[in-house]
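Given the structure is predicted, the values throughout are model-derived calculations rather than measurements. In what follows, chains are A, B, ... by sequence order, proteins preceding strands, each numbered from 1.
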Amino acid sequence: MTQTTSIALAALRGRRSRRKGSFATPTGILSIVVTVLLVLLAIFAPVLWQEASLEQDVSNIFAPPSTEHWVGTDELGRDILLRGLVATRLSLVLAALSLCIAVALGVTLGLVVGLARGRWSSFGGGVVDAWLGFPAILLALVIVAIVGPGPSGAFLAIGIAFSPYFARMTMTLTTSVSERDYVAAARLAGVPRRRIFTRYIAPNIGDSLATAIFAGFGECLVAVAALSFLGLGTRSPETDWGQLLTEGVKNIYTAPAAAAFPAVLIALAGIAMALLGDVVARALNPRRS
Amino acid sequence: MTTTTTVRARGSTMQWARFLLIRLVRAVVVMVVLVVVTFAMVRLVPGDPAQRILGMNADPVALAATRERLGLDAAWLTQFADYVNGVLTFDFGTSFQTGETVSKIIADRVWPTLQAALLAIVLVAVGGLLVGLWAGVVTERRRPVTEATFSGITGVIGILPPYLLGTLLVWLFAVQLQWLPVAGSGSLAKAILPAMALGLAPMAMLARVVRVETLTVLGQDYMRLARSKHLPGIRLFTDHLLPNVLGPVLPILGALSATLIGGSVVIERVFARPGLGEELAQGVQVGDFPVVQGLVIFLGGVVVLTSFIADVLAAIIDPRVRRAVVR
């Protein structure tokens, strides 16, 4: 593993001159700025505004946006802006946990099938393809039904439901890399299988996988929020964006901003992560751009 | 000459038979897995599924009765045989919440889901094609600004999941502009916003694909020839452009059923539509296992069936699809 890392680092160092400025596109800068902001919010928002976000002001419920409450207040007179910012942490943490499960399961499965040869490989490919054609949310709901509604059920469900995407990707990459001439040459030269993997295959599928992982973070975030929106994820007093969206949609006529704000936050995070995936892809693989 | 033709015809029949068989086996296997998974679901619940339904302080007699209704008291194999028998006769038991049979719930609630989905399919197919063709024709001569605007807008819409689009659409059209009704089901007007929420993202993706295809087709020699012959614009469009652009549209429409069913689960909450997705979400929330089993099998079956039909259609139109599968 250290060898892989050092190879990756060496490759990065060697490419640096060519890669110069690849982060410096407008979308690149924008997505990095948004991502950094979100991470900072996730770390500091609950520390700074936890108390204030729970402060109820019964005389001032469903207030429209004003200078005091930028996005208005909810049914208990709580400030929606602060609630949304505080909820960043749980939203990102749940997305990250589900992404970890999806990547761990998917990449393992993809490697096992991708490195296998012949009949087993095509069988595994068929299974993953059939799985991919099935709506992920149905599988996620079955898992939630087993584990029970709640944050842990939600991230587990999304993690498992999204794993075939990573499995398919890893499988395709592994198969295409192991068919290259240099892998065949190494195999003929008697390089042990483990070394072929760490020395030749892993470094060459790494950059594409990294791209998929960044893009997958946004998808996981949106999907976990969807479960929370359905009342199957986070529950009060803990809040994430999906749950705020439910509360907002319930009162969309009285306080439309309360629904629009969490929706915008989820969309913003999802889009920023997807763009970041593109940026990372270009940075890791300059040939592609 | 005749022999080669018959040989080719027979070869193609064989190819068709193998193609259909492979696709059919795959569909059946997915359904079998679905039945096994939904059966195992209740058994995999940590602790007592009856307790999940009735709560912590439930009466032991009621718990035993619930266990019996879930079929958890019999031997494992008998349970499975009963379950499969139920699935084959479309009998999934009765809901714990309402006492209605699950098949009646499906029959009652299928229309709001189907209505929005059908409208969404029309939106994706017609809208995606028209917008893509238009964008392709417009950007044929280099127009960087139009091109960037098009790919920016379609890119953002394509990423947004249905429930966020739905919320934003409600906010825009129902709350701010007050053009369209939001909640409930019934009239066609109430299905417009849900259909847009479901269909706009796939439509945007389709429009992107169609634009690229249009540009490719417009650059072909036969197009240049047709233009140099001063073929009328409409014939140029119907005879040359449209048939060649349609190819990549079908696979996208085939994958659409999964997208639409997945989306409708969440979208129906946004619009308070009493459809199958909303029923499923509620069933999962309270642990109404017969409802969850019945709906997952039904919705999964719809996805399997539609993707099978789409595969066959794609193979009829484009023989390369068929050959790729058989090989």
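The shortest heavy-atom contact between A:Leu230 and B:Val265 is CD2-O, 3.9 Å. The two residues B:Ala258 and A:Gly133 come nearest to each other via the heavy atoms CB-O, 3.5 Å. For the pair A:Ala145 and B:Phe289, the tightest heavy-atom approach, listed with the atom from each and the gap, is O-CE2, 3.6 Å. Considering every non-hydrogen atom in both A:Ile137 and B:Gly262, the closest pair reads CG2-CA, 3.2 Å. Heavy-atom minimum distance, B:Tyr163 versus A:Ala226: OH-N, 3.3 Å. Closest approach of A:Val249 and B:Val270 over heavy atoms only: CG1-O, 3.9 Å.
Of the two parts of A:Ala225, the backbone and the side chain both hold a non-hydrogen atom closer than 4.5 Å to a non-hydrogen atom of chain B. Interface residue A:Ala274: only side-chain heavy atoms are found under 4.5 Å from chain B. Both the backbone and the side chain of A:Ile146 come within less than 4.5 Å of a heavy atom of chain B. The part of A:Leu245 that comes within reach of chain B is its side chain, from C-beta onward, which places non-hydrogen atoms under 4.5 angstrom from that chain. Using a 4.5 Å cut-off between heavy atoms, B:Thr167 contacts chain A through both its backbone and its side chain. In this structure, chain A has a heavy atom under 4.5 Å from the side chain of B:Val303, while its backbone stays farther away.
Contacts with chain B were tallied for A:Gly270, A:Ala130, A:Gly126, A:Ala136; A:Ala130 has the most, counting heavy-atom pairs under 4.5 Å. For chain A, the option among B:Val30, B:Leu34, B:Asp288, B:Val42 with the highest count of heavy-atom pairs below 4.5 Å is B:Leu34. Among the candidates A:Leu275, A:Asp129, A:Val144, A:Leu232, the residue making the largest number of heavy-atom pairs closer than 4.5 Å to chain B is A:Leu232. Chain A forms the most heavy-atom pairs under 4.5 Å with one residue out of B:Leu164, B:Val45, B:Ile159, B:Val286, and that residue is B:Leu164.
Residues of residues 214-223 of chain A that come within less than 4.5 angstrom of chain B, heavy atom to heavy atom, are A:Val222 in numerical order. Of all residues spanning residues 147-158 of chain A, those with a heavy atom less than 4.5 Å away from chain B's heavy atoms are A:Val147, A:Gly148, A:Pro149, arranged by number.
A:Leu141 CG to B:Leu280 CG: the interatomic distance, rounded to the nearest 0.5 Å, is 5.0 Å. Distance check, rounded to the nearest 0.5 Å: CD1 of A:Ile143 to CG of B:Leu44 gives 10.5 Å. Once rounded to the nearest 0.5 Å, the distance linking CG of A:Leu138 with CZ of B:Phe298 reads 12.0 Å.
Looking only at distances, a side-chain donor or acceptor of B:Gln285 sits under 3.5 Å from a matching main-chain atom of A:Gly231.
Enclosure of atom CD in B:Glu147 by more than 12 non-hydrogen atoms of other residues, nucleotides or ligands within 6.0 angstrom is indicated.
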